[in-house]
Amino acid sequence: MAVRKITETVFNIGTIDWDRQTFDELIPLPDGTSYNSYFVRGSEKNALIDGVDPDTIEEYISNLKSLNVDKVDYIISNHTEQDHSGTIVNLLKLFPDAKVVTNKKCKEFLMEHLLIEEDFFITIEDNETISLGDKTLQFILAPWVHWPETMFTYLVEEKIVFSCDFLGSHLATNETFSSDDAKVYDAAKRYYAEIMMPFRPHVKKHLLKLKEMEIDFVCPSHGPSFSNPSFILNAYEDWSGDNVKNKVLIPYVSMHGSVKAMVNYLVDRLTQKGIRVELLNMTKKGLGELAIDAVDSATIVFGVSTMLIGPHPTMLYTGTIINALKPKTRFVSLVGSYGWGSKAFETMEGILNNLKSQMLTKVLAKGYPKEEDFEKLDVLADEIEARHIEIGIL
Ligand code: FEO
């Protein structure tokens, strides 16, 4: 039972998934997650903003009952993905007179994904409003954060923006509003990195729109809400902005110690130069750590062991993930080792085609690195230092 009061007439009746470990069968959830659904009581009509994951339907219905919700006129769908829309069908059975309010694209998707019939919908345009009597809901189309149909809903009189996935965090918490800034910052950054970063230009555009609005509360569909909107809006501005940090991310796999010797040497050299390093042994670290550090690292150096003649599969996966997340990394390099032959670098470069980064000196050692390999690592470290100085971060 977890009804959380936002204001006198707005409640979060969503569910908390304390035990969920992965999302999309891909993204690790170290802190579980929550699916926020907001009930807005108007003088004439009531609205529900988004639903919850169908796996938590019993808790959701229980929350609805505990709030004595006897009438729902509008079910607002900000986003089709099933963790928010999957219970709309259940809601329509509970409240058969309710209408699903959404944009044209989202309606099309809901009809395809959830088989909801067209008669149930009211379709709105950008900035259109509907009245609940003494309250007004305004719809703001926000495509590509992170699907093409995503939108925000704004409760005009109370200055609340319901932003769905945008500005959210995978965090199981019964707190109404964020109070542990450090924990929420990390969870929100991880969420941004994994879900929003590939759409950075759209993030920037929609963020600007929100910054021009009067907002007292940000209510996303995952994690706690914010009664201090600038906290999350400023964090997003930093993450999605063009600035990078004086930081080198080094994800690596070392099968027999050669790549480990190379990346350790590079870490030493970069440390001497005052450059922060995040060294991730990808056989022990996951997508989350990789994504978070990719958000603002100026440089990524991949440490690549050769398996047969290609990259170790874990580095193939690492490269594929980085390429899909499209970080704003300015510089990239490859260091690695092989036994008798290798096309590992060619393969890695081939899968990093989304990155708009400058390739620096690559270092490929046969077997254990030797003096000439360490000299090339010195060259790479000097190049990284020079580039970081050039762009004004060192
Ligand atoms: Fe939380 Fe895109 O779903």
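Quick note: numbers below take in every heavy atom, side chains included, and nothing from hydrogens, waters or symmetry partners. Since the structure is predicted, the reported quantities are computational estimates derived from the model, not experimental observations. Both counts, for ligands and for their atoms, begin at 1 and track the order of listing.
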Given a cut-off of 2.8 Å, the protein N, O or S atoms lying below it from atom 1 (Fe) of ligand 1 are D83 OD2, H84 NE2, D165 OD1, H222 NE2
Count I, L, V, M, F, W, Y as connected when their side-chain heavy atoms are under 4.5 Å apart, and connections chain through other members. Are V335 and Y338 then in the same cluster? no
Atom 2 (Fe) of ligand 1 - name of the N/O/S atom of H146 that sits closest to it: NE2
Considering only heavy atoms from C-beta outward, does the side chain of V277 approach that of K247 to under 4.5 Å? no
If you measure only the distance, is there a donor-acceptor pair under 3.5 Å linking the side chains of Y265 and D378? yes
Check whether the side chains of T33 and H170 place a donor and an acceptor atom closer than 3.5 Å, and report yes or no. yes
Looking just at side-chain N and O atoms, do Y252 and K260 make a donor-acceptor pair shorter than 3.5 Å? yes
Sequence neighbours left out, what passes salt bridge (charged side-chain N to carboxylate O under 4.0 Å, His left out) with E118? Give chain and number order. K107
